[in-house]
Amino acid sequence: MDLGEALLQTATDEQYEVFEELYNEVAEHPDGLTKDELCSKLFGLETGYFSDRVFDLFDADHAGRVSKDEFILGMSSLVSRDAEAFVDFLFDVFDVDDSNRLDEDEIYQGILASMRANKLSLAVRIEDFFNGSGKLEHQNDEHKRAKELARSILDAAGPGEHVEITREEFKRVFREHTKELSNLASPLTKTRIATQKFKQYLSSNGPVQKMSNSAQMWKIQKYIRKNRRELFFTSLWMFINLCLFLGNFLYYRFEKTDIFDLLGYCICFARGSALAIQFNVTIVLLTMARSFLTAVRNLNDGAILNYMNLDSNVKAHKICGLAILVLALIHTFAHVCDFHRLGQASVDELNQVLNLDEDFTNITKPSTMDFWISSWPGVTGILMLICFAIAYPGVLNFLRRNGNFNLFWGTHQMLIVFCVIVMIHGYQRLLGAYTAFYWIIGPFTLYISDRIKRMLQCRSGHSVIETEFLEPNVMAMKIEKNGMRFKPGQYIFLKVNKISPFEWHPFTLTCTPEDNFLSVHVRNAGSWTNALHKLYLETEDDVEKDRTRLPEGLPEIYIDGPYGAPSQAYERYKVNVFVAAGIGVTPYASILAHILNNVRRIRESFSNEIEAPSHYGLPVQKVYLIWVTRDEHSFVWFQKLLQDFYRLDVNEMIEIHHYYSKAYQKGDIRNAMVVVAQEIEGKKQRYIQHGEKQIPLNRSRYYSHYGRPDWGTILPGIKEACRSIDHKCGIFATVPPRFSAALKAAALSSSDKDFTFDYSNENF
């Protein structure tokens, strides 16, 4: 069959039109596409195995260039909506000798190329970590691991010792071991160059349709229902601010007519903004009283969380701080106007409107400047502006994130001075009632008491019991407990005087309340954590880092806490989804270890597992941990937890899904073969030795995935699987802001009237 006949039988009219336009967009020469244009410029394939194989498949006449017809024919197979056509193309990629069969060496070479393209060794087998033999040196023998995976694919082809696999056997293996075969993709679905027609072709729904009015209303109603608590308190805050501002504004407009006649609307704006400032200062103080918030969170097992989202305290602090800045500017400009008019007023007008012990005379009458530099409101107002000028620039992200935490912390303390000045700013009662003291003194006392309590708690240091370096670039620290009580998921602040006597940094506890020590995992991600790694890990001889260091000579560490975190509320839900990015897995390590400790305790109270109640009588019945890391090295962070997970989670209460974000998305030709091989291995019955018993590894659930999570598929799947357990699910995340926004949107869209996802993201 010649190329023209093949093109007529394979490509539809729609495909021909779409791919012809794409070809014309890329082609720079009438003779056709070069390997660089096709593989690098269009597909983004790196030079090597896959670029060579893809180009060879497109270049049907082996002329060294891909013509338009060759391009359209290749694309119609590679980007076909028919999954069988994609598997055919994938088979051809690995069938180097065009024999229509894959031998063991061809499969091995394809898997090895996939491992290298994804920059993952995959030489670390997950079972090695569960049975305690997982070591970093396993990662060096990628050839051995590639051969093991190649052998798995051949064994899956059928009974007997296979040395090769046919095209039909290859398709059957893919069908049996690839979930959602119809969703297989290729790198071409994410081409670096794409025309509008090509984008529409890739979309199963065709061109994007404009959302109808009814659909928009339903989306708005769904958002309101999902965020009703946050919207309620935000609306309440805005309503109170508006009432306070307008109340005082109208009072001076219609009740204080003598002052209004002299100063006009300036005094209305000044007094209205003053009262709103006082209200916002109280919230700023309360949202930073950590011990107070933790105590409120712990009341009645966190019952208040049903009505109020305490996890948004930092957000509320920032919003109110911004409101104070805006209101203070309004207040300042209004008083500029007031003082100017007071300076121009007659003696009689001043004596009539100002609340003074002695009347002014023509000799003692103050000027405009006198009101600024001699009056109590003027002097304290200037001092407050100085506090603003010092404190507010330090909160800018580009300053905080560039290793200037000490600058932020030091300048932020000026706001304490600001609060004191606010309380005494109107003491002279020059133009109105003195109310600031009564608004602020309670929250200010609570905040200062909280600071004093924390200072007393962390006067004495804690000894570091042990430090250990874990790949990649993470340090595990064990610290003396000294009687500290905490709950799983809570966090502490750490300070090391040798690094900085003022700098505190938050870290989630990775131990359980049952442990006789405290533990944290610290990733080297900045100047302070880098100094911490050097101080507690490196020796004078600079020995290699895969070691454990004992406490001799290690400086003490100071602890402030523990404090409450969103994940602490996991027991309020029968179904939980924990989502972590990198080192953000630490709170969930503590929670999972605590759950497994409870399982161990309950099991020990029964003579055998059969007598134990379903789900061991725990409030939590199902937990999904979705952990996104750049590579597979992160297993070693919590090796003991993984071992306990497989020994104790007999009711399949916990599922762990590990996503390698550095790898290509599942279904890409650069990892499709490895994904299938790992699916095959995952279904094999494996055992670990526990005492005299052999325990099956796959009794509990662990899954590894390529690329980033597809929330549009994951959350609906969890919803369907857990409807019989409960009508709601808690999602607790420790992820970056962009990641959080996508996950929150997916939680909202996946919720319905019968099953809802409650989302919270942890931030410090």
Side-chain angles (χ1 to χ4, degrees), residues 286-305 309-314 317 409 446-447 449-467 475-496 503-523 528-529 532 556-572 576 578 580 583-595 597-598 638 641 732-734 760-764:
L286 290 175
T287 51
M288 285 296 104
R290 296 195 191 102
S291 298
F292 167 72
L293 292 177
T294 301
V296 171
R297 182 191 295 272
N298 293 337
L299 284 175
N300 197 19
D301 294 327
I304 194 172
L305 296 176
N309 184 12
L310 295 180
D311 304 322
S312 297
N313 64 308
V314 175
H317 180 81
W409 178 252
L446 184 65
Y447 174 77
S449 300
D450 185 88
R451 290 282 297 267
I452 293 172
K453 176 188 174 184
R454 286 156 48 196
M455 288 174 60
L456 294 175
Q457 282 180 339
C458 56
R459 279 187 306 173
S460 57
H462 293 240
S463 298
V464 176
I465 301 172
E466 181 182 293
T467 61
M475 176 176 63
M477 299 183 70
K478 289 185 179 179
I479 308 168
E480 275 187 337
K481 195 171 185 178
N482 291 354
M484 179 181 289
R485 296 182 179 181
F486 63 93
K487 294 184 177 182
Q490 290 188 324
Y491 66 96
I492 57 177
F493 283 84
L494 299 182
K495 180 185 75 168
V496 181
E503 200 164 342
W504 293 87
H505 288 266
F507 295 95
T508 304
L509 291 164
T510 54
C511 51
T512 67
E514 298 81 19
D515 293 329
N516 58 3
F517 57 85
L518 303 176
S519 68
V520 294
H521 285 62
V522 182
R523 182 169 65 93
W528 191 87
T529 51
L532 191 74
E556 287 187 323
I557 198 163
Y558 293 84
I559 297 177
D560 177 17
Y563 297 111
S567 54
Q568 186 183 327
Y570 74 96
E571 289 187 331
R572 297 172 57 228
N576 286 275
F578 299 143
I583 199 65
V585 75
T586 49
Y588 313 125
S590 174
I591 291 170
L592 293 181
H594 181 64
I595 291 174
N597 281 342
N598 286 334
F638 304 105
L641 173 63
F732 301 94
T734 46
S760 60
N761 187 41
E762 185 166 337
N763 51 67
F764 295 105

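With sequence neighbours left out, L532 forms a side-chain contact (heavy atoms from CB on, under 4.5 Å) with M475, M477, V496, I499, V522, W528, Y536. Applying the side-chain contact (heavy atoms from CB on, under 4.5 Å) test to S449 and every residue at least two apart in sequence or in another chain returns T445. Applying the side-chain contact (heavy atoms from CB on, under 4.5 Å) rule to Q490 yields the partners T294, N298, F486, K487, P562, Q568; only residues at least two apart in sequence or on another chain are considered. Remark: Y563 engages R454, D560 in a side-chain hydrogen bond (donor to acceptor under 3.5 Å, both in side chains) (not counting sequence neighbours). By the side-chain hydrogen bond (donor to acceptor under 3.5 Å, both in side chains) test, E556 pairs with no residue at all, sequence neighbours left out. Residues meeting the side-chain contact (heavy atoms from CB on, under 4.5 Å) test with L293, sequence neighbours left out: L310, N313.
Listed for the T734 side chain is a donor-acceptor partner under 3.5 Å among the backbone atoms of G584. A donor-acceptor contact shorter than 3.5 Å links the side chain of Y588 to the backbone of A733. No donor-acceptor pair closer than 3.5 Å links the side chain of T512 to the backbone N or O of S590.
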Please determine whether side chain to side chain contact (heavy atoms under 4.5 Å, CB included) holds for the pair E480 and V464, giving the CA-CA distance in whole Å, both sets of side-chain angles, and the decisive distance to 0.1 Å. CA-CA 6 Å; E480 275 187 337; V464 176; over 6 Å; no
Run F292 and Y447 through side chain to side chain contact (heavy atoms under 4.5 Å, CB included) and show every step you take. CA-CA 8 Å; F292 167 72; Y447 174 77; over 6 Å; no
Please walk me through it: do I559 and M484 pass side chain to side chain contact (heavy atoms under 4.5 Å, CB included)? CA-CA 10 Å; I559 297 177; M484 179 181 289; 3.5 Å; yes
Going through the distances and angles, do F507 and T529 end up as a side chain to side chain contact (heavy atoms under 4.5 Å, CB included)? CA-CA 11 Å; F507 295 95; T529 51; 4.2 Å; yes
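The heavy-atom pair separating N482 from G461 by the smallest distance is ND2-O, 4.2 Å. The heavy-atom pair separating E514 from N598 by the smallest distance is OE2-OD1, 4.5 Å.
Separation of atoms CD1 (I595) and CG (N576) is listed at 7.0 Å; rounding is to 0.5 Å. Rounding to the nearest 0.5 angstrom, the gap separating the CD atom in E466 from the CZ atom in F517 is 9.0 Å. Here the NE2-CD1 distance, from H594 to I591, works out to 9.0 Å after rounding to the nearest 0.5 Å. For the atom pair R451 CZ and S291 OG, the distance stands at 11.0 Å (nearest 0.5 Å). Between atom CD1 of residue I492 and atom CD1 of residue I479 there is a gap of 5.5 Å, rounded to the nearest 0.5 Å. For the atom pair CG of L286 and NE2 of H317, the computed distance is 11.5 Å after rounding to the nearest 0.5 Å.
Classified by interplanar angle (parallel below 30°, tilted 30° to 60°, perpendicular above 60°), the ring pair Y570/F578 is perpendicular.
For the pair V314/M288, a side-chain contact is recorded, criterion being any heavy-atom separation below 4.5 Å from C-beta on. L518 has its side chain within reach of K481: a pair of non-hydrogen atoms, C-beta onward, lies under 4.5 Å apart.
Using a 3.5 Å distance cut-off with no hydrogens or angles, the side chains of T510 and T586 do not pair a donor with an acceptor.
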